[in-house]
Amino acid sequence: MKRMKKLQGLVAATITPMTPDGQINLPVIRQYVDYLIKEQNVKNVFVNGTTGEGLSLSIQERKQLAEEWMCQGKDKLDHVIIHVGALSLPESQELARHAAAIGANGIAVIAPFFFKPTNKDELVAFLQKVAAEAPAVPFYYYHIPPLTGVKIRVEELLEGIKTRIPTFQGVKFSDTDLLDLAQCISKNETEQLEFLYGVDEQLLGALAIGADGAVGSTYNYLGRKTNLMLQAFAKPDLALAQKYQFLTGEFLNFVIKLGFGVAQTKAVMTFVSGIPMGPPRLPLVDASEEFIIKAKAKLDSIVWPDGD
Ligand SMILES: CC(=O)N[C@H](C=O)[C@@H](O)[C@H](O)[C@H](O)CO
Ligand SMILES: CC(=O)C(=O)O
């Protein structure tokens with residue numbers, strides 16, 4: 001298996017840069033990789049997921065993006081995980097084969113969300129068919145019930161999963177149900193699996209329960225601050241870790257009230273990094289000027305414990 005070391009710490013859910021006329025903007029990715037490493041101290045990426053508008057891209061675009069991230073991340077990034085989930089099983093399988101061929105460090109799949117699996121066996125059967133196309137690549141289930149509407153609890157899904165999916169490596173857990181996460185972690189006695197949390201505003205709670213790390217959109221521009229939270233938690237300096245969580249939460253709480261999604265993430269990343277992320281693809285529409293002004297003022301007003 002292409003496993004160098006256990007995936008821990010932060011993983012940036014990458015944004016898909018687009019040109020003003022809505023094409024994927026591949027040349028920007030080189031700069032983006034360097035920015036994540038140098039400015040955010042983030043060396044793992046999750047490509048073509050929710051933040052990357054993966055389900056709004058064509059198969060061809062998804063392959064081009066995966067290739068570009070692999071190519072630009074070579075010898076720089078630690079882990080490149082490619083999201084290969086799709087509504088159509090053969091398309092998902094094609095993307096899994098492609099990810100394996102280009103040397104991805106992991107693949108992830110969300111639950112199909114138009115025709116939905118109604119129980120864990122149906123869901124595992126779908127995941128197994130995709131995972132089997134990349135038999136040497138660690139496989140992650142991407143659990144995001146608020147978006148897929150598939151609410152099958154992960155604790156249930158994990159039962160016997162290794163026998164059905166030998167490459168099963170862990171879960172990207174994007175739900176607020178910390179009881180479910182805790183049950184998964186407590187059953188992971190041999191610690192073979194990785195649990196990566198995906199609700200950035202309450203990561204500290206998931207760390208306390210035993211999450212290995214996190215995948216999220218905010219690590220694109222708050223990676224450095226969130227890394228300081230992880231360090232404080234590991235020390236342990238819980239009061240300092242809380243301070244960081246309160247402050248990242250203060251920003252998110254503010255923008256969530258204004259209306260916060262992938263389009264707004266693209267706008268925030270553009271003004272923080274200076275890298276043009278461009279517009280989102282329909283049905284998403286650009287963040288308003290008013291949002292950008294308010295979000296920027298809020299972020300600038302925050303005084304961080306590291307004096308920044
Ligand atoms: C629904 C969604 O996009 N979730 C992201 C990852 O799973 C998070 O990183 C959020 O963007 C973040 O927690 C802000 O709410
Ligand atoms: C947020 C996240 O993890 C994703 O974009 O898929």
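We count ligands from 1, going down the list as the structure has it; atoms in each ligand are counted the same way. In this text the structure is predicted, and so the values were computed from the model without any measurement.
Using a 4.5 Å heavy-atom cutoff, the side chains of Leu193 and Lys162 are in contact.
Shown in contact with Gly49 at under 4.0 Å from a heavy atom are these atoms of ligand 2, numbered in order with element: 5 (O), 6 (O). Atom numbering of ligand 2 starts at 1 in the shown order; those under 4.0 Å from a heavy atom of Tyr142 are 2 (C), 3 (O), 4 (C), 6 (O). Every atom of ligand 2 is numbered from 1 in the order shown, and the set under 4.0 Å from a heavy atom of Val215 is 3 (O). Per-residue contacts place Gly216 under 4.0 angstrom from the following atoms of ligand 1 (heavy atoms of the residue considered): 9 (O). Heavy-atom proximity to Phe46, at under 4.0 Å, picks out these atoms of ligand 2: 6 (O). Every atom of ligand 1 with a heavy atom of Lys172 under 4.0 Å away is listed here by number and element: 6 (C), 7 (O). Residue Lys172 approaches ligand 2 through these ligand atoms, each under 4.0 Å from one of its heavy atoms: 2 (C), 3 (O), 4 (C), 6 (O). Close contacts between ligand 2 and Ala13 involve ligand atoms 1 (C), 2 (C), 3 (O), 4 (C), 5 (O) [criterion: under 4.0 Å to a heavy atom].
The closest donor-acceptor contact from the side chain of Lys120 to the backbone of Glu159 lies under 3.5 Å. Using modelled atom types, one side-chain atom of Ser301 and one backbone atom of Lys298 make a donor-acceptor pair closer than 3.5 Å.
Residue-level proximity to ligand 1 for Thr50 is carried by the side chain, the only part with a heavy atom below 4.0 angstrom. For His83, no heavy-atom contact with ligand 2 is shorter than 4.0 Å.
Within a 6.0 Å sphere centred on NZ of Lys43, heavy atoms belonging to other residues, nucleotides or ligands number 12 at most.
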(request) List the steps, then state whether side-chain contact (heavy atoms from CB on, under 4.5 Å) holds for Asp180 with Asp175. (result) CA-CA 9 Å; Asp180 187 18; Asp175 190 33; 5.6 Å; no
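Partner of Tyr219 under the side chain to side chain contact (heavy atoms under 4.5 Å, CB included) criterion, out of Asp200, Asn227, Val11: Asp200 alone. The only option from Asn44, Leu77, Val80 that meets the side chain to side chain contact (heavy atoms under 4.5 Å, CB included) definition with Asn105 turns out to be Val80.
The N/O atoms of Thr51, backbone and side chain alike, include one that comes under 3.5 Å of an N/O atom in ligand 2.
Under the 6.0 Å cut-off for aromatic ring centres, Tyr142 and Phe46 qualify, their centroids lying closer than that.
Ranking the protein heavy atoms by distance from atom 15 (O) of ligand 1 puts Glu201 OE2, 2.9 Å first. Nearest protein heavy-atom neighbour of atom 4 (N) of ligand 1: Gly198 O, 4.0 Å. Scanning all protein heavy atoms for the shortest distance to atom 7 (O) of ligand 1 gives Ser174 OG, 2.9 Å. Looking only at protein heavy atoms, the nearest one to atom 10 (C) of ligand 1 is Ser217 OG, 3.7 Å.
The existence of a salt bridge linking Lys266 and Asp286 is excluded, since no basic side-chain nitrogen approaches an acidic carboxylate oxygen closer than 4.0 Å.
The minimum heavy-atom distance between Ala295 and Phe251, with the atom names listed, is O-CE1, 3.5 Å.
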